[in-house]
Amino acid sequence: MMSIEEQTGVVVLAAGASTRLGSPKQLVSFKGKPLLQHTLDIGSSINFGRKVLVLGAHAGEISHAMDMNGYEVVMNSRWQEGMGSSLRRGVEVMGDSPAIHHLLVLLSDQPQVSVELLRSLLKEHAANDEDITASGYRGKTGVPAIFSRAHFPELKRLTGDQGAKQLMSRYPVVRVAFPEGHVDVDTREDVDRLRRME
């Protein structure tokens, strides 16, 4: 029997243009390597059934700076529509794999994501009957999050900047505490804060 890890595909969303920051957030250095590389490396530390990286804006610059570690690079030509379009693209690709029964969604700019957090999410997802397992921080529910295959059709219908949070608001969700989940990189002030965390 396949393990929960082998039945799970990971999709890293990294297609945004980082307009507020003014340069690709995916390439912001953190502890000696690009922020996106941290996310890719953490995903590669677990034996996932499939790994997909969704790129869009600055795709060439970003891809050349990364060690892909077995990730398939998928282009989102509609990245300007927002995160929903990237998630939709990732699910379209992942849905073609009959062995993939669950989808883990990761972002490129959450520096505190760890292997331990992902293993906790996987463990809770395997132990519960709910179809969504997500991170909980500051009273909110968000990513990283795991969706069972039953939700793939709805994820494929996401439009614009609608992320997966709308699904989380409509269905029962098992939450795993991720106190640092609110830490991300959108502005120059966020980059300065990141520097202080190194």
Novice: With distance as the sole criterion, is a donor-acceptor pair present between the side chains of Arg175 and Thr141 under 3.5 Å?
Specialist: yes
Novice: Show the numbers, then the answer: is there a salt bridge (charged side-chain N to carboxylate O under 4.0 Å, His left out) between Lys25 and Asp190?
Specialist: CA-CA 10 Å; Lys25 68 169 77 175; Asp190 293 336; over 6 Å; no
Novice: Of the non-hydrogen atoms in Ala65 and Leu27, which two are nearest, and what is the gap between them?
Specialist: CB-CD2, 3.7 Å
Novice: Could you give me the CA-CA distance, side-chain angles and deciding distance for Arg195 and Asp192, then say whether salt bridge (charged side-chain N to carboxylate O under 4.0 Å, His left out) is met?
Specialist: CA-CA 5 Å; Arg195 295 282 176 267; Asp192 293 340; over 6 Å; no
Novice: With distance as the sole test, does Gln110 use its side chain to make a donor-acceptor pair with the main-chain N or O of Glu180 at under 3.5 Å?
Specialist: no
Novice: I'd like to know if the side chain of Arg193 reaches the main chain of Asp184, judged simply by a donor and an acceptor atom lying under 3.5 Å from each other, with no hydrogens or angles considered.
Specialist: yes
Novice: Taking distance alone, no hydrogens or angles, what donor-acceptor pairs closer than 3.5 Å link side-chain atoms of residues 91-107 to residues at least two apart or in another chain?
Specialist:
| residue | atom | partner | partner atom | Å |
| --- | --- | --- | --- | --- |
| Ser97 | OG | Arg50 | NH1 | 2.5 |
| His102 | ND1 | His125 | NE2 | 3.1 |
| His102 | ND1 | Ser148 | OG | 3.3 |

Novice: Measure up the His151 and Tyr171 rings against each other and bin them: parallel (under 30°), tilted (30 to 60°), perpendicular (over 60°).
Specialist: perpendicular
Novice: Which pairs, with at least one residue in residues 132-154 and sequence neighbours excluded, count as a salt bridge (Lys or Arg N to Asp or Glu O under 4.0 Å)?
Specialist: Glu154-Arg170
Novice: Testing the basics here: between Glu124 and Thr133, what is the closest heavy-atom pair and its distance to 0.1 Å?
Specialist: CB-CG2, 4.0 Å
Novice: Does the side-chain hydrogen bond (donor to acceptor under 3.5 Å, both in side chains) test come out yes or no for Glu5 and Thr8, once each step is laid out?
Specialist: CA-CA 5 Å; Glu5 292 88 354; Thr8 301; over 6 Å; no
Novice: Do side-chain atoms of Ser85 reach the backbone of Glu81 as a donor and acceptor pair under 3.5 angstrom?
Specialist: no
Novice: Main chain of Leu158, side chain of Arg88: is a donor-acceptor contact present, judged purely on distance under 3.5 Å?
Specialist: yes
Novice: Hey, does the side chain of Gln26 reach the backbone of Gly16 with a donor-acceptor pair shorter than 3.5 angstrom?
Specialist: yes
